[in-house]
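All remarks here apply to the structure that follows.
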Amino acid sequence: MSALEVKGTSAAIVGDHIEVVIRVHNQSDRTHYAYSNVRTFHWDSASRTLKIYLADSALSAKMRDHPHLKLPHMQTLAPNEDAEIKVSLPVEFSRMSGDSLRIEQVSMQDVQTVEVELAFSDTPFYHKVGGKPLGHQLIQWAGKSRIKQKIPIAHPANR
Amino acid sequence: MSLFLMTGQPQVFPADVEIDLGKIVNMDLGIGEQPAANSMGLLLQVTYTRHDNGIPAQRIDTLVNTDFHISTAHFDIIVAGVHSNFMVPDGSGNMIPISNVAGETFQPNTPGNPSTSILVAYDVAQCNNNGYWVVGVSGNNISFPGDVILYHELSHALHMANGTFSTVSATEEHNAEVDENDERDQDHLEHRDVNSHVGGCGGGPPSCCIVASIATGPWSQEVGRLRQVRDHYLRRGRIGVDFFERLHHDYYAFSPEVCRAMARSNELLEAIAMHLVQPLLSMLAVFDSYVSAPNDLEALGRVILERAALCPAATPAAVLVQLPELQSPWIEWGLIEPIRLWAATLAKVQEQTDPARLGHWMTGQFEDWAMALPLSPIWQQLSSAELAEELDELSRILLRTDYLRGAFAARLRREIQIGAAGRHPARSPFSGGGG
């Protein structure tokens, strides 16, 4: 049985951001620690699905090894208590275009579904100096302690 | 002429890059820029006539005034100052907020850089104004301002441009961090620890010791030192890492509750700081001296006397009796025993103030402590070669005499049958040990 029970989820476009909320109950007697910022995401415009990873499990091999990778933000989840993990992404983000030196705006305005993965553990993460690259250490830290949820998006018009 | 800034698009912020470049050249007025020919208004060309003799200014001089022949369009290195909503591809179809890396330098024609130039993208908005941090040589978190990020990325760019870029990412990063420290010197900032590539945005990670952090103030020098002792002496090899994983697991079964209680009671916070955290930090400072200057008993004694003057309050006997209720051999050995030893040290200082004699006494205490190191199942999982390596490490830090090594080898044979069934650590100082 997972230490965290999902009590509810929501995803909505609020202003110029997509806000995702996961309400969890820590059913164990130990404090747990969960990611609380978006580490990576995948936008599929064809299926209008946004996959958000509050976890490093989806990092590419290149990023797992990347020495610039920063530590994730972590949220403390007190034992036997409810908690809310809230993250957001801009509805429009910028990136280098695929074929020129221009920067392009990508809109996720018509997103229909958000799939979210949340990693956690019962001890805080500690970086081991001289150990494997950070991405690998983070993946090992969370192990199989991950929650996956599929959330329909609430657009401003139909909220 | 080789260095260019992206401009002419709402998602790039060349003025911020110009400010950072100005800091790098030490506000040398010889730096400037002009619209780049044949760039359709998307690039500014950096110009530089150097008057400053600092290393960073010389580096910019090289970057600006060398033709590296990278790009057929003669735009060798392009810098994009972006904000925190800029995303970089991770190479597998996913996107990563640039705030998860602070800055990135792309080889030509790679995911994220469709051009034939080297592309530097960095977050001039400092992670939505929360600020980036990295680890300094003191072990504390230090800031990672825009000019330092840019200088760091330009180090990677130069290595790519002149063919010295290392494909071993840890080596390349180390080299860029060594360069970065030149810019830190100019800014009068603490040097970055070039062996620790970790960093983050906003507040730091949970500290190595949550009780110590709260009790002594966030990122105090002492907690940083504690972290260094942990990482440089103790958390090494499979045995050290395994030990700390077990210690953390047991420690975090109760410490968050203690922290919550401390947040409600200043009295409790002060009591924990004085009677538990300060003694532990004192003991680790003494241990640091024991390890870093082996055989210098007088120096060890002097450190004991200095720490005793700073931390004269012994942990009350009533508290020492209650602590073992935590029932964890890792907590007992790693935290409680050092606190007990500090109480004994303070008593010893009352009767003995000769540094060399104190140092001699403390060495005996550390040897007894070392012999009681709890043994976990990981010892049985080590190959002979790994076992030899781990024992070598222990010989350097904890088990420094033949007698200790022999006694510890006997304990391994007795308690977990290592060495008893023909599995001997090869080439180890333990091989010839008695016991």
Side-chain angles (χ1 to χ4, degrees), chain A residues 16-17 29-33 37-44 51 53 56 58-74 76-79 89-90 92-106 121-131 133-134 137, chain B residues 6 9 11-12 39 42-43 78 80 82-83 85-97 99-104 112-115 117 119 121 132 169-170 172-173 193 195-203 205-206 208 210 231-232 235-236 241 244-245 248-249 252-253 256-257 260:
Chain A
D16 56 3
H17 279 75
D29 293 330
R30 286 178 67 98
T31 297
H32 277 62
Y33 304 84
N37 70 327
V38 176
R39 298 292 281 172
T40 180
F41 67 95
H42 182 88
W43 166 236
D44 181 358
K51 289 181 183 169
Y53 297 92
D56 284 307
L59 283 182
S60 65
K62 174 193 155 198
M63 286 311 297
R64 290 178 189 198
D65 289 341
H66 202 310
H68 286 190
L69 188 66
K70 302 297 174 206
L71 283 170
H73 295 178
M74 293 282 181
T76 301
L77 309 172
L89 269 180
E92 280 195 358
F93 65 89
S94 50
R95 68 179 180 192
M96 290 301 298
S97 77
D99 55 5
S100 73
L101 253 186
R102 290 188 181 276
I103 291 178
E104 64 182 12
Q105 289 292 106
V106 179
S121 178
D122 66 359
T123 52
F125 173 76
Y126 288 110
H127 174 244
K128 297 181 189 86
V129 177
L134 180 63
Q137 291 189 27
Chain B
M6 280 188 81
Q9 302 179 80
Q11 304 92 343
V12 292
S39 74
L42 293 178
L43 295 177
I78 297 171
V82 296
H83 276 189
N85 66 346
F86 185 81
M87 308 294 167
V88 293
D90 80 341
S92 72
N94 292 339
M95 303 301 291
I96 292 182
S99 53
N100 285 347
V101 291
E104 176 74 341
N113 178 18
S115 75
S117 310
L119 175 66
Y132 290 104
S169 64
E172 176 57 31
E173 189 62 10
D193 179 350
N195 296 311
S196 170
H197 311 314
V198 75
C201 146
C208 62
I210 198 160
D231 289 338
H232 293 286
R235 202 182 188 187
R236 298 165 66 96
V241 168
F244 272 92
E245 279 175 1
H248 286 156
H249 186 266
Y252 280 95
E257 199 51 51
R260 281 189 277 274

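Residue numbering restarts at 1 for every chain, and letters A, B, ... go by the order of the sequence lines.
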Checklist entry - Is a side-chain N or O of B:Gln11 found less than 3.5 angstrom from the main chain of A:Ser94, in a donor-acceptor match? => result no
Checklist outcome for this item: Honestly, the part of B:Ser117 sitting under 4.5 Å from a heavy atom of chain A is neither
Checklist entry - Between A:Arg30 and chain B, which part of the residue has a heavy atom less than 4.5 Å away: side chain, backbone, both or neither? => result side chain
Checklist entry - Distance-only, no hydrogens or angles: does the A:Ser60 side chain make a donor-acceptor pair with backbone N or O of B:Asp90 under 3.5 Å? => result yes
Item to check | Toward chain A, the part of B:Leu42 with a non-hydrogen atom under 4.5 Å | outcome: side chain
Checklist outcome for this item: Okay, B:Ser115 and chain A: the region with an atom under 4.5 Å from a heavy atom over there is side chain
Next on the checklist: Tell me whether A:His66 contacts the main-chain N or O of A:His68 through its side chain, where contact means a donor paired with an acceptor under 3.5 Å.
Outcome noted: yes
Item to check | Interchain contact, A:Lys62 with chain B, by part (heavy-atom threshold 4.5 Å) | outcome: side chain
Item to check | Exam field: side chain A:His42 to backbone B:Gly93, donor-acceptor pair closer than 3.5 Å | outcome: yes
Next on the checklist: Need one label for B:Val88: side chain, backbone, both or neither, based on atoms under 4.5 Å from any heavy atom in chain A.
Outcome noted: neither
Checklist entry - So which of A:Glu92, A:Lys51, A:Arg102, A:Gln105 has the biggest tally of heavy-atom pairs under 4.5 Å with chain B? => result A:Arg102
Checklist outcome for this item: Looking only at B:Glu172, B:Gln9, B:Glu257, the option with the highest number of non-hydrogen pairs under 4.5 Å against chain A is B:Gln9
Checklist entry - For the side chain of A:Gln137 and the backbone of A:Lys128, is there at least one donor-acceptor N/O pair under 3.5 Å apart? => result yes
Next on the checklist: If we define contacts as heavy-atom pairs under 4.5 Å, which of B:Asn85, B:Val241, B:Asn113 has the most with chain A?
Outcome noted: B:Asn85
Next on the checklist: If I measure from the heavy atoms of chain B, does A:Ala61 come under 4.5 Å with its side chain, its backbone, both, or neither?
Outcome noted: neither
Checklist entry - What part of A:Asn37 gets closer than 4.5 Å to chain B, counting heavy atoms only: side chain, backbone, both or neither? => result side chain
Checklist entry - Backbone N or O of A:Thr123 within a donor-acceptor pair of the B:His249 side chain at under 3.5 Å? => result no
Checklist entry - Got a second to check how far A:Ser121's OG is from B:His248's NE2, nearest 0.5 Å? => result 12.0 Å
Item to check | Backbone of A:Val38 reached by a side-chain donor or acceptor of B:Asn100 within 3.5 Å | outcome: yes
Item to check | Under 4.5 Å from any heavy atom of chain A - which part of B:Glu245 | outcome: side chain
Next on the checklist: I'd like to know if the side chain of A:His73 reaches the main chain of B:Cys201, judged simply by a donor and an acceptor atom lying under 3.5 Å from each other, with no hydrogens or angles considered.
Outcome noted: yes
Next on the checklist: Between B:Arg260 and A:Thr31, is the side-chain hydrogen bond (donor to acceptor under 3.5 Å, both in side chains) condition met? List the steps.
Outcome noted: CA-CA 11 Å; B:Arg260 281 189 277 274; A:Thr31 297; 3.1 Å; yes
Checklist entry - Heavy-atom distance under 4.5 Å to chain A: side chain of B:Ala253, backbone, both or neither? => result both
Checklist entry - What part of A:Pro90 gets closer than 4.5 Å to chain B, counting heavy atoms only: side chain, backbone, both or neither? => result side chain
Item to check | Toward chain B, the part of A:Thr40 with a non-hydrogen atom under 4.5 Å | outcome: both
Checklist entry - With a 4.5 angstrom heavy-atom cut-off, which part of A:Leu59 approaches chain B: side chain, backbone, both or neither? => result both
